Structures are given as C-alpha cells and as structure tokens.
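Worksheet for the structure shown next.
Quick caveat, the model's predicted, so the values are computed rather than measured. In each ligand, atom 1 is the first atom listed, and ligand 1 is the first ligand listed.
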Amino acid sequence: MTPLLLLALPGAEALARQLAGHLHCACEAVELHCYPDGEAGVRLPVEPGGRPVVLVAHLDHPDGKTLPLLFAADAARELGAAGVSLLAPYLPYMRQDDRFRPGEAITSRTFARVLSATFDAVVTVDPHLHRWPSLDAIYTTRTRVVAAAPAIADWLAREVPRPVIVGPDAESEQWVAAVAGRLGAPHVVMTKVRHGDRDVRVTLPEGAAGEDRTPVLLDDIISSGHTVATAARVLRDAGWPSPLCVGVHALVDEAGMALLKEAGVGRVVSCDTVPHATNAIGLAPLLAEAVREVCAAA
Ligand SMILES: O=P(O)(O)OC[C@H]1O[C@H](OP(=O)(O)OP(=O)(O)O)[C@H](O)[C@@H]1O
C-alpha cells in the first residue's frame, strides 16, 4: 500500500507529527501566506507524487481556516494526490442544524456540502449530532466518526476514584452513557433549555443521587461555558461535591473558564481535538487507526 502523506494546516503541526509517528508516514506543513489585500496564499512544500493525502486541521474558529483548507485540498489533487482526505478532530458548524428563527441559514448543511465536494473522506471526533441522525444525513462523502469515550474512560479510571458521570442535557446522554458504561460507574442526565447563546436553564432529575461520589460533568462542546457552569451551580445547590469537568472539544476562552471556576468546577480537562490549555486526553492513537482505515483507501 502506498504510504500516506499528511499535510498539516497551521496550528495542526503537532497533531500531524504524532499521527505520522503512529502511521510511519511523511508529514509536512502547508505554507500559508496572507497577501496585503487579505487574500490567502497556500503552498504545499512537497508534491504528493501519487500518495493519498490527508489534510490535518484544527477547525475551531473555522471561518478564516476553511478557504485555505479548500485551496490546499485542490492543490494536492492537482499535483497528483491519489485521493485527498480531511482529518478535522473538531467538526465545526454542526450546531446550526435547523432554521431556529425564520430566514436563518442552516450552516451545517452548507458546510457539509462544501467539504463533501472537496474531500474523498472526512474523519472527525464526536460531531455534535442533535437533529441529524448521523453525518451521512448531510455529508455525501465518506465519513468516519472516532468516539472519544474509550480515551475519556481510560483517563477517568486512572485519575478519578468513584466517579458519577453527569450530562448537562439530553444530547449528552450518548457520551455520558458510553463513558459510564466503560467505567462501571453510575450516570445522571440533566435537562437543559436554551434561551440564548449565553442563557441556559438546567435541572437535575428528581431523586438523582451522587453526593457520595466525585461528579464528572461531561459534555461534547464547552464553548461559552454557560452550559457546564449552570450545571455545576445546580449540583452545588443540590449539595453535591465540586465537580470535575470533561469536554471533548474545548472552545472555551478565558472568560468562560472564569465562569466555570466561579460555578465551583474544580478542574477542567479536554481531549486534544482543539489545542487548549485544558488538553489532557490524547486521541492520536485512535485518530491514527481511523486515518489508516479510511484515508489510505480514499
Ligand atoms: O458552552 P456553551 O456555550 O453552553 O455551549 C456548549 C453546549 O452547546 C451544545 O449544545 P446546544 O445547547 O447547542 O444544544 P443542541 O444543539 O443539542 O440543542 C453542546 O452540546 C453543549 O452542551
């Protein structure tokens, strides 16, 4: 089988190097230039020469990163790549999956159409699937979802004695149940109603018990921090111990982190799908396995 060529977009060099170590393949960094008029210039430092190419990108704050990614993908294809795939551990634009107010764009569908037209395969970690049953509902290219639950459960098994896994809303049950199941720990799922970008109400189910364990608040995305902070306050008001918070994708800024601290969250850890000070759970081995299976054949 022809070895892969990994091409890292700016910011994803460290992840690409780790993957290259697991996959025993070449890894290079895409060169990006910003012209005086604000347009992006993209250069591949090597020609693919018939190798399957995997572009590796951290797609938090995606608007400025997406056009360079598309340019790099086209360049790779034009320069002889035997297939062009994308590894984006965090898949953005999954939350606007409906027209919540009249006239709104359903951005997850448009983003999916653009990536599907560009890449032969897309590999990602726990995409935010709420109203879409799976990525295949909107992505027409081949997709592979890597579950972070095994890595999160392994980390918790090492670091947290007697946990109770707590999800802040109904959608979190998929991750919470998977992690709790692997640990043989109990889990609780709260109810959330969102009233605005930074306004959520969370309630604990009647009779939920966990006061004698270490609560682990687990969610897929921590963005403004309001979901987890509100859930932490609800636990505190119910007399639970200070929770640890685990996010798969940490998008949260310093103000959001301060919010979590004020709400009594003891420690915040995340998977390394987005570079962040809280990264503690590495997914490179799981990602390498998925890339090996999906992208080599793309
Ligand atoms: O840190 P925050 O700014 O609170 O954002 C993070 C929350 O947003 C997402 O759910 P969302 O409320 O969008 O729910 P839905 O898409 O499942 O309705 C995600 O699953 C988190 O719970």
Side-chain angles (χ1 to χ4, degrees), residues 59-62 88-101 104-112 124-135 137-139 145-149 152 165-180 187-205 215-236 243-265 267-271 273-274 276-279 281:
L59 292 184
D60 55 309
H61 300 99
Y90 171 63
L91 191 60
Y93 280 117
M94 288 301 293
R95 291 199 282 168
Q96 182 81 33
D97 60 357
D98 204 352
R99 229 180 289 290
F100 300 108
R101 290 182 302 142
E104 279 184 348
I106 301 176
T107 53
S108 52
R109 198 155 52 200
T110 305
F111 198 72
T124 192
V125 178
D126 292 334
H128 185 81
L129 289 168
H130 183 176
R131 273 156 285 263
W132 308 118
S134 74
L135 283 183
I138 47 172
Y139 279 77
V145 169
V146 173
I152 294 173
I165 317 299
V166 183
D169 59 19
E171 285 68 47
S172 67
E173 177 146 27
Q174 50 191 306
W175 302 288
V176 168
V179 170
H187 73 273
V188 172
V189 176
M190 302 164 102
T191 307
K192 177 175 84 182
V193 180
R194 181 175 283 285
H195 296 278
D197 289 351
R198 293 163 200 278
D199 182 8
V200 294
R201 311 285 154 83
V202 175
T203 44
L204 192 59
V216 176
L217 267 169
L218 172 62
D219 207 353
D220 61 335
I221 298 170
I222 310 174
S223 176
S224 71
H226 280 272
T227 293
V228 172
T230 307
R233 278 195 295 272
V234 169
L235 292 180
R236 186 170 63 188
L244 170 92
C245 168
V246 179
V248 177
H249 310 291
L251 310 177
V252 58
D253 63 11
E254 278 180 25
M257 289 293 287
L259 211 62
L260 300 189
K261 205 169 162 203
E262 280 160 30
V265 173
R267 185 179 174 194
V268 183
V269 299
S270 62
C271 299
T273 61
V274 173
H276 195 272
T278 58
N279 287 168
I281 304 170

Closest protein heavy atom (residue, atom, distance) for atom 5 (O) of ligand 1: Arg95 NH1, 3.3 Å
Does Gly225 have a heavy atom less than 4.0 Å from any atom of ligand 1? yes
Mind jotting down which residue pairs meet the salt bridge (Lys or Arg N to Asp or Glu O under 4.0 Å) criterion with at least one end in residues 189-199? Sequence neighbours excluded, please. Asp169-Lys192, Asp199-Arg201
Identify which of Asp220, Thr230, Ile221 has a heavy atom lying nearest to atom 20 (O) of ligand 1. Asp220
Using a strict 4.0 Å cut-off to heavy atoms of Arg194, name the atoms of ligand 1 that fall inside it. 2 (P), 4 (O), 5 (O), 7 (C), 8 (O), 11 (P), 12 (O), 13 (O)
Atom 16 (O) of ligand 1: closest protein heavy atom, distance to 0.1 Å, is His128 NE2, 2.7 Å
Who's the nearest protein heavy-atom neighbour of atom 3 (O) of ligand 1, and how far? Ser224 OG, 2.6 Å
Using a 4.0 Å heavy-atom threshold (strictly under), name the region of Arg198 that reaches ligand 1: side chain, backbone, both or neither. neither
Closest approach of Gln96 and Ser108, non-hydrogen atoms and distance? O-OG, 2.9 Å
Side chain to side chain, Pro205 and Val189, heavy atoms closer than 4.5 Å: no
Starting from atom 4 (O) of ligand 1, locate the nearest protein heavy atom and write down its residue, its atom name and how far away it is, to 0.1 Å. Thr227 OG1, 2.6 Å
Measure from the side-chain N and O atoms of Asp220 to the backbone N and O of Pro127, and report whether any donor-acceptor pair falls under 3.5 Å. no
Answer with yes or no whether Asp169 contacts ligand 1, where contact means a heavy atom under 4.0 Å from a ligand atom. yes
Partners of Trp175 by side-chain hydrogen bond (donor to acceptor under 3.5 Å, both in side chains), sequence neighbours excluded? none
Over all atoms of both residues, closest heavy-atom pair of Leu260 and Gly225: CD2-O, 3.4 Å
Which atom of Val265 lies closest to which atom of Val228, heavy atoms considered: CG2-CG1, 4.4 Å
Nearest non-hydrogen atom to atom 11 (P) of ligand 1 belongs to which of Lys192, Met94, Arg131, His130? Lys192
Would you mind checking which non-hydrogen protein atom is closest to atom 21 (C) of ligand 1, with the distance to 0.1 Å? Asp219 OD2, 3.1 Å
Looking only at non-hydrogen atoms, which of Gly247, Ser223, Gly256 approaches atom 1 (O) of ligand 1 most closely? Ser223
Passing option when Tyr93 is tested against Ile106, Thr107, Thr110, Ile138 for side chain to side chain contact (heavy atoms under 4.5 Å, CB included): Thr107
